[in-house]
Amino acid sequence: MLKEMKIQTEIREATEFIEKKIQAKPELGIILGSGLGELADLIENKTEIDYKEIPHFPISTVQGHSGKIIFGNLSSRYVLAFQGRFHYYEGYEMSKVTLPVRVMQFLGVKKLIVTNAAGGINESYRPGDLVIIKDHINLIGTNPLRGANISNLGPRFPDMSEAYCKEWRDIARQVMGEIGIPYKEGIYAALCGPSYETPAEIRYLRLIGADLVGMSTVPEVIAANHGGMKVLGISCVTNMAAGILPQKLSHEEVIATTEKAKGYFIKLITRLIRFLD
Ligand code: HPA
C-alpha cells in the first residue's frame, strides 16, 4: 500500500503546485507529441510552468519534447497543454508516464486531447497525414493500472470499449472536411520502443489490425479512461513504418515531417476544441 500512497501524494503535491500558478480551472488538457509542441504558441494569456519546477515531475529526455506546461486560452477555452511527455522507454515508472494525466484529473479536467508522432502501417497513409485514433492495441508489455487499484483514481476494471470518444471522432471528421484535409481514422498500436520496429513486426502489426505504430499515448489514454475523462487522439504520420519503403527510420525524419504537418495540425486542433463538449 505504501507505493500507492506515495503515488497519490506525488499527484497531490504536483497538482497543488500547478493550481497555485494558474488563475482559473482548465477545462481541456492537451498532450503534445514529438515535434507538435508549437501549438502551445497560440495559447493566449499564458502561464508557463517548467517541468523542472513541478514537484515529482521528471524531465523529458527526448529531442523534440521541451518539457513545460502552458496554461491559458485557446479558442476561448481554458486549456492546459503539456509540451513534452514521459515515455516508458525512457525508464520511468508508469506512475510517472501517467502523472500529467493524473494531475489534470485532480485539477478537474474531464476532456483530453492526446497527440503523437506515429509510423504509418496502413499503406493508404502518407507522411504528414493527420489520423484520428479510433482505438488502440497495447503491446507495451505492461499496463499503467497494474498494482493495487487506487480507488481515488478510478475503478479496478475500467471499461475501454470507447477509449476514444466516438462523438468527438465524428466532430474531428467534420472539422477535417472543413479545413480541407482527407479524413483518416486508424488503430494505434503502442510498443515499448525505443528501437523502431522490424519489417516483420510491422507485418505482424498489420495482420492484427493496426494502422499506426508508436511508443506513447496508450498509457495516458488508459489512465484517462480510468479517471473518467473523454479522450480524442490524433496521430501525425511522420514516416511509413519499417519495411514499407526502401528507407531507414530516424528521429530526425520524424521531427522534420511534423514540421511540415504542423500548419494543418494547429488548424485542426484550434478549430476542433470549440466543439468538444
Ligand atoms: N515506429 C514507432 N514509433 C514511431 C514511428 C515508427 O515508425 N514514427 C514515429 N514514432
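Each ligand, and each atom within it, is numbered from 1 in the order the structure gives. Computed over heavy atoms, backbone and side chain alike; hydrogens, waters and symmetry mates excluded. These figures come from a predicted structure and were not determined experimentally.
- In this structure, Lys184 pairs ionically with Asp129, as a charged nitrogen and a carboxylate oxygen lie closer than 4.0 Å.
- Sorted by chain and number, the heavy-atom contacts of ligand 1 below 4.0 Å come from Ala117, Ala118, Gly119, Tyr196, Glu197, Val213, Gly214, Met215, Thr238, Asn239, Leu249, Val254.
- Scored by the side chain to side chain contact (heavy atoms under 4.5 Å, CB included) test, Tyr196 finds Met215, Leu249, His251, Val254 as partners (sequence neighbours excluded).
- With sequence neighbours excluded, the residues that form a side chain to side chain contact (heavy atoms under 4.5 Å, CB included) with Pro26 are Ile22, Phe71, Leu80, Leu107, Val109.
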Next on the checklist: Using the rule given for side-chain hydrogen bond (donor to acceptor under 3.5 Å, both in side chains), can you reason through Glu123 versus Tyr125, listing the C-alpha separation, both sets of side-chain angles and the distance that settles it, and then say yes or no?
Outcome noted: CA-CA 5 Å; Glu123 292 190 21; Tyr125 297 167; over 6 Å; no
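- Taking the six-membered ring for Trp and the full ring otherwise, the centers of Phe86 and Tyr51 sit less than 6.0 Å from each other.
- Applying the salt bridge (charged side-chain N to carboxylate O under 4.0 Å, His left out) test to pairs two or more places apart or on separate chains, those with a residue in residues 91-107 are Glu10-Lys96.
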